[in-house]
Amino acid sequence: MTYRPFKADHVGSLLRPQRLKDARAKYNQNEISGAELKQIEDEEIDRIIEKQLEIGLHSITDGEFRRSWWHFDFLENLDGVEGYTPDHGLEFEGLETRAHNVRVVDKVRYNPNHPHFDHFKFLYDRVNGRATAKVSIPSPNQLFHPNILNEDIYPNIEDFAHDISEAYRQSLQHFYDLGARYIQIDDVYWASLTDGTHKVRGRQRTDEEKVRARELAYKVVNDAVKGLPKDLILTTHICRGNYQSTWAISGGYEAIAPYLFKEHLHGFFLEYDDERSGDFEPLRYFDKEAYAVLGLITSKTPALEDKELIKQRIKEAQQYISLDQICLSPQCGFASTEEGNQLTEEEQWTKLKYVVELSNELLGSAN
């Protein structure tokens with residue numbers, strides 16, 4: 001059996017409906033209980049499960065409806081990591097996010113009571129075998145951004161890497177034991193290691209520092225997935241930032257491709273919705289056993305891409321990988337944070353349905 005992402009796929013996060021945003025605001029103001037908030041989350045997740053099935057998707061997510069951030073909610077529930085409020089948010093092109101971050105406060109360990117396990121179990125039970133319930137979590141590499149590591153706790157970065165990989169390996173196995181057969185790890189860290197502009201945090205790394213960081217980054221992921229069951233589909237999504245339709249990082253894949261594509265994964269979700277992503281030539285490093293999920297459809301704007309242009313770009317990619325290796329997706333989610341991108345929910349569903357239609361026409365199937 002071939003284990004791969006679907007020919008028509010998506011990154012996972014979906015626009016939060018106003019009802020859910022209002023409920024979370026009331027919960028944060030102590031106007032409703034946690035149980036009342038969960039009931040609304042459950043109902044809205046049920047609704048979007050049915051909508052994803054209706055438009056023909058085969059990988060079904062909960063839209064990250066129980067999260068405020070695509071990454072912090074998972075990371076700060078690992079043992080040894082905590083969330084906190086810094087002086088400033090993260091800087092994007094013309095915008096600054098809400099002020100939040102995570103930091104290491106103790107040895108990093110797997111948390112068997114991580115709330116995301118219950119979140120997945122709800123999704124898995126509701127999908128009920130009609131499609132594949134997909135988990136999306138941040139990559140272990142997200143903990144290597146500057147200002148997260150506590151060098152008093154981890155004077156040796158190799159020890160830090162070992163503990164993070166092990167915490168993730170156990171977490172991935174736990175998801176599998178709950179029924180997960182498709183897990184995607186979302187990774188912005190790789191984009192900060194390109195030769196392009198890194199606008200998120202701190203100073204620019206030197207070229208030598210970037211090489212060392214690239215080598216460690218693929219090792220961390222490979223150690224995290226080592227020994228997991230063979231029938232678990234594992235993919236990664238390489239992102240350049242996605243906040244209210246803005247972005248944080250530019251730079252093509254050329255500098256990172258020789259390292260990134262050494263990750264032992266079944267598929268790579270690659271952003272290719274604008275010129276910031278560069279060309280397809282870095283795909284020459286691609287493993288012939290892996291699949292490239294080309295993010296040729298943008299989640300940042302409502303306009304539908306020209307079909308002939310998408311067809312042309314797929315042909316360009318075929319200079320380096322086979323058509324059989326190509327899948328199609330939006331370049332990112334629609335709501336990496338609960339604020340969401342600048343389009344309506346109806347426009348979001350239209351985009352996702354378009355991905356399915358294009359896949360059926362240009363790739364031969366959506367599954």
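Hydrogens, waters and symmetry mates play no part in the numbers below; they use all other heavy atoms, side chains included. Note that the coordinates shown come from a computational prediction; the quantities given were computed from them, not determined experimentally.
- Exactly one residue among Phe261, Tyr218, Tyr285 makes a ring-ring contact (aromatic ring centres under 6.0 Å, His included) with Phe268. That residue is Phe261.
- Not a single ring pair (Phe, Tyr, Trp, His ring centres under 6.0 Å) links Tyr259 to another residue, sequence neighbours left out.
- Note: the hydrophobic cluster containing Val81 does not contain Tyr84 (ILVMFWY, side chain heavy atoms under 4.5 Å, direct or indirect links).
- Counting non-hydrogen atoms of neighbouring residues, nucleotides and ligands closer than 6.0 angstrom, the NZ atom of Lys226 reaches no more than 12 such neighbours.
- Ring to ring, Tyr291 and His266 are not that close: their centroids are 6.0 angstrom or more apart.
- Using modelled atom types, one side-chain atom of Lys351 and one backbone atom of Thr301 make a donor-acceptor pair closer than 3.5 Å.
- Residues satisfying the salt bridge (Lys or Arg N to Asp or Glu O under 4.0 Å) criterion with Arg212, sequence neighbours excluded, are Glu208.
- Pairs engaging residues 161-171 under the salt bridge (charged side-chain N to carboxylate O under 4.0 Å, His left out) rule: Arg109-Asp163, Glu166-Arg169 [sequence neighbours left out].
- Sorted by first and then second residue, the salt bridge (charged side-chain N to carboxylate O under 4.0 Å, His left out) pairs with a member in residues 131-154 read Asp9-Lys134; sequence neighbours excluded.
- Looking at residues two or more places apart in sequence or on another chain, you find no ring pair (Phe, Tyr, Trp, His ring centres under 6.0 Å) involving Tyr354.
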Please tabulate, for side-chain N and O atoms in residues 308-318, each donor-acceptor pair with protein atoms closer than 3.5 Å (sequence neighbours left out).
residue : atom : partner : partner atom : Å
Gln312  : NE2  : Glu316  : OE2          : 3.2
Arg313  : NH1  : Tyr272  : O            : 2.5

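- Qualifying ring pair (Phe, Tyr, Trp, His ring centres under 6.0 Å) partners for His114, counting only residues two or more places apart in sequence or in other chains: Phe74, His116, Phe117.
- Note that CD of Gln348 is 4.0 Å distant from CG of Leu15, once rounded to the nearest 0.5 Å.
- The existence of a salt bridge linking Arg24 and Glu41 is confirmed by a sub-4.0 Å separation between a basic side-chain nitrogen and an acidic carboxylate oxygen.
- Open room surrounds OH on Tyr124; 12 or fewer heavy atoms of other groups in view lie less than 6.0 Å from it.
- The pair Glu254-Arg284 meets the salt-bridge criterion, with a side-chain N (NZ, NE, NH1 or NH2) lying under 4.0 Å from an Asp/Glu carboxylate O.
- Under 3.5 Å, the side chains of Asp273 and Thr298 contain a donor-acceptor pair of N or O atoms.
- Listed here is the closest heavy atom pair of Ala213 and Leu193: CB-CD2, 3.7 Å.
- Around the CD atom of Gln170, the shell of radius 6.0 Å holds more than 12 heavy atoms that belong to other residues, nucleotides or ligands.
- Hydrophobic cluster membership is shared by Leu323 and Leu296, with clusters built from Ile, Leu, Val, Met, Phe, Trp and Tyr side chains linked at under 4.5 angstrom.
- Note on Lys307 versus Glu361: salt bridge recorded, some NZ/NE/NH1/NH2 to OD/OE distance being below 4.0 Å.
- Atom-to-atom distance recorded for Asp223:CG and His162:NE2 is 8.0 Å, nearest 0.5 angstrom.
- Taking the side chain to side chain donor-acceptor pair (under 3.5 Å) definition, one finds that Glu82 meets it with Arg103, sequence neighbours left out.
- Nearest approach of Phe6 to Ser59, heavy atoms of both residues: CD1-CB, 3.7 Å.
- Salt bridge annotation for Lys51-Glu345: absent, with no cationic side-chain nitrogen under 4.0 angstrom from a carboxylate oxygen.
- Under the 3.5 Å distance criterion, with hydrogens and angles disregarded, a donor-acceptor pair is assigned to the side chains of Gln331 and Ser299.
- The backbone N or O of Gly63 lies less than 3.5 Å from no partner atom in the side chain of Ser13, so there is not a single donor-acceptor pair.
- Applying the side chain to side chain contact (heavy atoms under 4.5 Å, CB included) rule to Glu76 yields the partners Phe72, His100, Val102; only residues at least two apart in sequence or on another chain are considered.
- In this view, Lys353 and Ile55, Glu357 satisfy the side chain to side chain contact (heavy atoms under 4.5 Å, CB included) rule, not counting sequence neighbours.
- Atom CD of Glu263 sits about 5.5 Å away from atom OG1 of Thr236, to the nearest 0.5 Å.
- A donor-acceptor contact closer than 3.5 angstrom is absent between the side chains of Glu338 and Trp70.
- A salt bridge does not link Glu339 to Arg16: none of the charged nitrogens lies less than 4.0 Å from a carboxylate oxygen.
- Asp324 and Ser322 share no donor-acceptor pair across their side chains, judged by distance under 3.5 Å alone.
- Closest non-hydrogen pair, Ala290 versus Leu265, comes out as CB-O, 4.1 Å.
- At a threshold of 4.0 Å, the pair Asp22-Lys26 does not count as salt-bridged, since none of the basic side-chain nitrogens sits closer than that to a carboxylate oxygen.
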Stepwise side chain to side chain contact (heavy atoms under 4.5 Å, CB included) test for Arg4 and Ile233 | CA-CA 6 Å; Arg4 60 164 175 80; Ile233 300 170; 5.8 Å; no

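- Counting only distance, with no hydrogens or angles, the side chain of Arg181 and the backbone of Tyr176 share a donor-acceptor pair below 3.5 Å.
- Asn77 and Asn111 share no side-chain donor-acceptor pair at under 3.5 Å.
- Ring geometry for Tyr189 against Phe144 counts as tilted: the plane angle lies between 30° and 60°, on a 0 to 90° scale.
- Tyr27 pairs by the side chain to side chain contact (heavy atoms under 4.5 Å, CB included) definition with Ile32, Leu37, not counting sequence neighbours.
- Considering only residues two or more places apart in sequence or on other chains, Glu347 meets the side chain to side chain contact (heavy atoms under 4.5 Å, CB included) condition with Pro302, Leu343, Thr344.
- Side chains of Glu271 and Ile238 form no contact here, defined as non-hydrogen atoms less than 4.5 Å apart.
- Taking CD1 of Ile164 as the reference point, atom CD of Gln142 lies at 11.0 Å (rounded to 0.5 Å).
- Heavy-atom contacts from other residues, nucleotides or ligands closer than 6.0 Å to CD of Gln18 number more than 12.
- A salt bridge links Asp42 with Arg66: at least one charged nitrogen is closer than 4.0 Å to a carboxylate oxygen.
- Glu50 and Arg130 are joined by a salt bridge, as a carboxylate oxygen and a charged side-chain nitrogen come within less than 4.0 angstrom of each other.
- At least one donor-acceptor pair under 3.5 Å links the side chain of Gln184 to the backbone N or O of Val11.
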